Structure formats: C-alpha cells, structure tokens
Asker: 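Okay, here's the structure, questions in a sec.
A note on names: the letters A, B, ... follow the listed sequences, proteins ahead of strands, and every chain is numbered from 1. No hydrogens, no waters, no symmetry mates; every other heavy atom, side chains included, goes into these values. Just so you know, these numbers come straight off a predicted model, no measurement behind them.
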There are 2 protein chains.
Amino acid sequence: MEPVPRGVVSRLPLYYRALALLDQEKVPLISSQDLGARLQLTPAQIRKDLSYFGRFGKQGRGYNVKRLLLELRRILGLDREWGMALVGVGRLGRAILSYGGFNPQGFKVIAAFDTDPSQIGKKVGNLTVQDFSEMPAAVKSKRLFIGIVAVPPPQAQGVINQLVSAGVKAILNYAPGQSQVPEGVHLREIDPVMALQSLTFYLKNTQEKAAR
Amino acid sequence: MEPVPRGVVSRLPLYYRALALLDQEKVPLISSQDLGARLQLTPAQIRKDLSYFGRFGKQGRGYNVKRLLLELRRILGLDREWGMALVGVGRLGRAILSYGGFNPQGFKVIAAFDTDPSQIGKKVGNLTVQDFSEMPAAVKSKRLFIGIVAVPPPQAQGVINQLVSAGVKAILNYAPGQSQVPEGVHLREIDPVMALQSLTFYLKNTQEKAAR
DNA sequence: ATATGTGAACCAGTTCACAGCG
DNA sequence: CGCTGTGAACTGGTTCACATAT
C-alpha cells in the first residue's frame with residue numbers, strides 16, 4: 001500500500017465526525033458533493049482521500065453512511081477502546097480528566113500521574129493519582145499506547161521522554177513548547193495560544209477597517 | 001504584497017515561541033540552520049518564510065534574536081493586547097478562564113457570557129457572568145475581535161453566528177463539530193478528540209508489533 | 001568563511017475530467 | 001442518468017543552489 005499523505009489522515013476524523021452526525025439525522029446515503037458542501041471541501045478531494053483505503057461508494061448513488069462510518073472506524077482504529085495515561089493533575093490535568101468528550105469516543109484515561117507528593121493518593125473522579133515513578137509499570141501492564149501531557153512547559157520534554165521509554169507510541173501534549181519525539185512516535189500539540197497567534201495575523205489587517 | 005501562504009502563517013507562532021525561549025536563554029544570534037534543527041524544519045523553509053515579510057538576517061551571521069522577535073511580534077499583531085469574549089461558562093469555559101497561558105501572551109478574556117440564568121451574575125475569577133443577550137453590546141463597546149466558544153456542540157453554530165454579527169472577526173472554537181464562518185472571519189478549532197483520532201490511525205499499525 | 005535571500009527546479013497534494021458502473 | 005474511482009494535469013508550496021553581503 002502506498003503511503004497515505006499526512007493531510008488525508010487529518011481529514012479522516014473530519015469525515016468520521018460528519019458521518020456520525022448524518023447517521024444521527026437518519027440520512028442513509030450521501031454523495032461526495034453533499035459531504036463536501038458540509039465540510040467545505042471539494043467532492044474530488046473526498047473521493048480521492050477515501051480511495052486510498054478502498055472503494056466504498058456506489059456509482060450513481062453515493063456512499064452508504066452506516067457503511068462508510070464503519071469503514072472509517074476500522075481505518076482510524078476506532079473499533080476498540082484506547083486507554084491513556086495522563087501525566088500532571090494540576091488545573092489543566094483535572095480539566096482534562098473531567099472533560100466529557102473522550103469516553104463517548106472510546107478514549108479513556110486509565111491512570112493519572114504526578115510528581116507532587118501532596119497530590120499522590122488523592123482521588124480525582126474515579127482515579128487515584130499515582131506517583132510518576134509508577135508510570136512505566138502501569139503503561140506496560142495496562143498496555144497503554146497513548147500519553148497525555150499536562151505538566152508545566154519546562155517539564156514536558158522530560159515527561160515525554162519517559163513516556164516514550166515506557167512504550168507509549170502517541171502523545172497528546174497540552175504543554176506549549178516545541179517537543180521532540182523519536183521516529184515512530186506520534187505527537188499532537190494542543191496549544192490555544194498558538195492558534196490565537198495565527199489568528200491575530202489576519203486580524204491585524206482587518207482591525208483598522210472595523211474601527212472606523 | 002503577495003498573499004502569504006496559510007502554512008507560513010501557521011509556522012510564524014512556532015518561530016516566535018522558539019525565539020522567545022532563545023532570548024530567555026540569552027542567545028543573541030541564531031542561524032536558520034540552528035533554528036531549523038530545534039523546530040525540525042529545513043533552514044531554507046525558515047528563510048523563505050521570513051522573506052515574505054522582509055530581510056531580517058545578516059549574511060555570515062544569522063538572525064539577531066531580539067530583533068526577529070520584535071519583527072514577529074509586529075507581523076503577528078502581538079504588539080498589543082487582545083481582548084476576548086468567552087461564551088459558555090460551564091466546566092470547559094471555567095477551565096479556559098482559569099488557564100494561565102493567555103494573559104502572559106497578551107490575550108485576555110474581557111467578558112464572559114452564558115444563557116443559563118443560574119450562572120448569570122456569578123463571579124468567575126474577576127469576571128461577572130453576563131447574559132448572552134448582552135454580548136453584542138459588550139463586543140461593540142469593548143472593541144472585541146476575538147470570541148471563544150465553549151458551549152455544547154449543538155449550540156456552537158448559533159453562538160458563532162451571533163458573535164460574527166456582533167462584529168467578532170476571529171473565533172477559537174472548543175465545541176467539536178464542523179462550524180461555518182463567513183468569508184473574512186477566521187476560525188480555529190481546538191478538538192483533542194480529533195487529534196487523538198488521527199493518532200490512532202498510526203497506532204493501529206504499530207500496535208500489534210508492540211504487543212509481541 | 002559563513003549564512004542570508006531568492007529565482008528556479010522540484011515535488012506532493014489537489015483538482016480535473018472522464019471512463020465505468022449501478 | 002448520476003456519481004464514483006482514478007490516471008493525468010495542474011498548482012502552489014518546499015527545497016535547491018548560488019549570487020550576495022558582511
């Protein structure tokens with residue numbers, strides 16, 4: 001199989017989300033045309049993206065929503081539950097733990113760690129905060145492949161390194177700052193400040209006009 | 001001036017962040033080579049990106065960190081404070097309000113809104129939650145150009161529409177789901193679940209190997 | 001000697017356009 | 001007839017390579 005472009009992979013969850021909504025709305029069939037209109041993408045792009053993985057549509061009709069949803073679930077590896085290890089249970093970490101969006105999608109924080117002795121042993125939700133030194137054993141025994149990093153920026157790289165040595169293959173990093181991961185490990189950064197900073201680039205030009 | 005590619009704009013905050021760190025480390029000068037090594041980008045890309053905005057380097061030496069930092073601040077419009085309107089003060093909204101990363105970068109939540117009568121009038125941090133119906137007046141009088149959306153997904157599009165009619169030009173959306181904005185308004189989505197879903201695509205293939 | 005700035009060459013990813021199937 | 005799937009054409013963004021400045 002040819003290597004799938006990075007951009008395709010980042011659009012698949014978008015398709016998945018849109019199709020889940022369509023399914024809820026009891027739409028049985030959708031054309032690349034209509035899906036494209038919803039997502040502001042060209043029909044050709046959607047068809048080409050999906051063609052990397054198979055032939056899921058029916059000519060003259062479009063895509064069966066339930067079928068495509070199932071295929072995407074399989075392609076994205078969402079047909080199982082993913083356990084995750086959270087590192088850092090400060091304000092940010094607690095917000096992540098109480099975030100209701102993970103569980104319904106099959107993502108579950110299985111263990112939470114911190115280095116602060118005053119936190120260790122405390123219950124947060126239905127998890128007990130463990131000492132970070134116990135992380136490698138937990139990651140191995142519970143077969144966790146995803147780590148969530150919610151520690152202060154200066155500690156992030158160290159935590160990431162240790163998660164990786166413990167066997168974690170994917171990291172969701174909430175700590176702003178450029179972090180490195182070795183080949184074969186995947187990293188996503190959640191950084192609202194960076195998002196804002198690229199927004200202001202465009203605002204700066206609009207601003208004067210709006211002020212008049 | 002030629003239009004700046006989208007990708008360039010999204011890398012500028014990356015440069016900005018790295019340079020701020022270098023400045024803290026008292027590094028006076030950096031070459032595109034060295035900066036590229038830190039950010040895992042090619043030197044050529046960094047030079048080309050910066051060349052859209054001017055000639056900031058010195059041949060034979062590299063870039064003066066302080067100078068470039070200042071230029072980027074100007075380019076990104078970070079040489080002022082940006083007031084923001086937050087909509088939704090549930091769990092997520094409160095987490096955003098207490099997030100310490102915005103203020104040091106010049107982003108400040110100036111007003112917070114909700115439709116839930118039991119929330120209105122309550123103090124959250126040093127802000128008083130206002131009724132969402134007061135949003136347009138506040139956005140106008142306080143010259144807010146950025147809105148943060150932290151309401152449940154089904155309400156997001158409606159809230160976005162009203163923010164836009166009130167004059168907001170940029171939206172940071174924490175509500176998962178495809179939202180539309182008119183031409184000239186900019187939107188960024190913060191969606192950790194989508195980030196995870198594109199990670200599992202890669203994990204799915206690594207997983208079996210790790211299990212052995 | 002060293003590292004920038006940039007036109008030119010290259011390449012990946014998007015779009016086109018149409019054959020083929022339902 | 002409508003819409004998919006896909007090779008081919010195109011586009012624009014990245015990388016190369018070198019003239020230029022210090």
Side-chain angles (χ1 to χ4, degrees), chain A residues 1-16 18-19 22 27-72 74-75 198 201-202, chain B residues 1-16 18-19 22 27-72 74-75 198 201-202:
Chain A
M1 204 189 282
E2 335 149 51
V4 181
R6 186 165 281 278
V8 174
V9 176
S10 70
R11 280 190 298 273
L12 293 180
L14 218 61
Y15 301 158
Y16 181 72
L19 285 161
L22 284 165
V27 178
L29 221 55
I30 187 133
S31 65
S32 58
Q33 183 69 239
D34 292 352
L35 186 58
R38 293 205 171 213
L39 297 172
Q40 308 195 259
L41 296 171
T42 66
Q45 177 149 71
I46 292 173
R47 294 202 302 276
K48 172 69 72 158
D49 283 355
L50 295 175
S51 78
Y52 280 94
F53 306 101
R55 306 159 58 132
F56 307 127
K58 277 205 177 6
Q59 280 110 329
R61 305 205 147 277
Y63 298 88
N64 177 302
V65 172
K66 278 198 195 305
R67 158 91 195 285
L68 188 50
L69 207 44
L70 221 62
E71 296 284 2
L72 282 170
R74 181 183 53 76
I75 293 163
S198 68
F201 172 84
Y202 297 104
Chain B
M1 201 188 285
E2 336 150 49
V4 180
R6 185 164 282 277
V8 174
V9 176
S10 70
R11 279 189 298 272
L12 294 179
L14 218 59
Y15 300 157
Y16 181 72
L19 285 162
L22 284 165
V27 177
L29 221 55
I30 187 132
S31 64
S32 58
Q33 183 70 238
D34 293 352
L35 187 58
R38 291 204 173 216
L39 297 172
Q40 308 195 259
L41 296 170
T42 67
Q45 176 149 71
I46 292 173
R47 293 203 303 275
K48 172 69 74 160
D49 283 355
L50 295 175
S51 77
Y52 280 94
F53 306 102
R55 305 160 58 133
F56 308 126
K58 277 207 180 359
Q59 280 111 330
R61 304 207 148 277
Y63 298 88
N64 177 301
V65 172
K66 278 197 196 306
R67 158 92 196 284
L68 189 49
L69 207 43
L70 222 63
E71 297 284 2
L72 282 170
R74 182 182 53 76
I75 293 163
S198 67
F201 172 83
Y202 297 104

Asker: Contact class for R6(B) vs. all strands (heavy atom < 4.0 Å): base, sugar-phosphate, or nothing?
Answerer: nothing
Asker: Rounded to the nearest 0.5 Å, what separation is found between the CG atom of L69(A) and the CZ atom of R74(A)?
Answerer: 12.5 Å
Asker: Could you state the CG-P distance from L68(B) to dA3(C), rounded to the nearest angstrom?
Answerer: 16 Å
Asker: Any side-chain N or O of Y63(A) below 4.0 angstrom from OP1/OP2 of dG5(D)?
Answerer: yes
Asker: Can you tell me the distance, in whole Å, between the CD atom of Q33(A) and the P atom of dT4(D)?
Answerer: 8 Å
Asker: Given atom CZ of F56(A) and atom P of dT6(D), what is their separation to the nearest angstrom?
Answerer: 11 Å
Asker: Which is more 5' along DNA chain C, the nucleotide nearest G7(A) or the one nearest G62(B)? Just name the residue.
Answerer: G62(B)
Asker: Would one find a side-chain N or O of R55(A) under 4.0 angstrom from OP1 or OP2 of dG22(C)?
Answerer: no
Asker: Rounded to whole Å, please give me the gap between CZ in R67(B) and C1' in dT4(C).
Answerer: 13 Å
Asker: Report the distance from atom CZ of R11(A) to atom CG of L50(A), rounding to the nearest 0.5 Å.
Answerer: 10.0 Å
Asker: Choosing from dG13(C), dC16(D), dT4(C), which nucleotide comes nearest the side chain of S32(B)?
Answerer: dT4(C)
Asker: Could you give the distance from CZ (R47(A)) to OG (S31(A)), rounded to the nearest 0.5 Å?
Answerer: 9.0 Å
Asker: Among the nucleotides dG13(D), dG5(C), dA17(C), which one has an atom lying closest to any side-chain atom of R47(A)?
Answerer: dA17(C)
Asker: Quick one: CD on Q45(A) to CG on L35(A), what's the gap to the nearest 0.5 Å?
Answerer: 11.0 Å
Asker: Nearest-nucleotide wise, let me know which of D49(A) and G60(A) is further upstream toward the 5' end of DNA chain C.
Answerer: D49(A)
Asker: Once you round it to whole Å, what is the distance between P of dT4(C) and CG of N64(B)?
Answerer: 13 Å
Asker: Do any side-chain nitrogens or oxygens of Q59(B) fall under 4.0 Å of OP1 or OP2 in dT20(D)?
Answerer: no
Asker: Please check the phosphate of dC3(D) (OP1 and OP2 only) for any side-chain N or O of S31(A) closer than 4.0 Å.
Answerer: no
Asker: To the nearest Å, give me how far apart CZ (R61(B)) and P (dT2(C)) are.
Answerer: 12 Å
Asker: Please report the interatomic distance OG(S198(B)) to CZ(R6(A)), rounded to the nearest 0.5 Å.
Answerer: 9.0 Å
Asker: What is the distance from CG of L50(B) to P of dA3(C), rounded to the nearest Å?
Answerer: 16 Å
Asker: Between L41(A) (CG) and dT15(C) (P), how many Å, whole number?
Answerer: 8 Å
Asker: Both Q45(B) and S51(A) contact DNA chain D. Taking the nearest nucleotide for each, which residue is further toward the 5' end?
Answerer: S51(A)
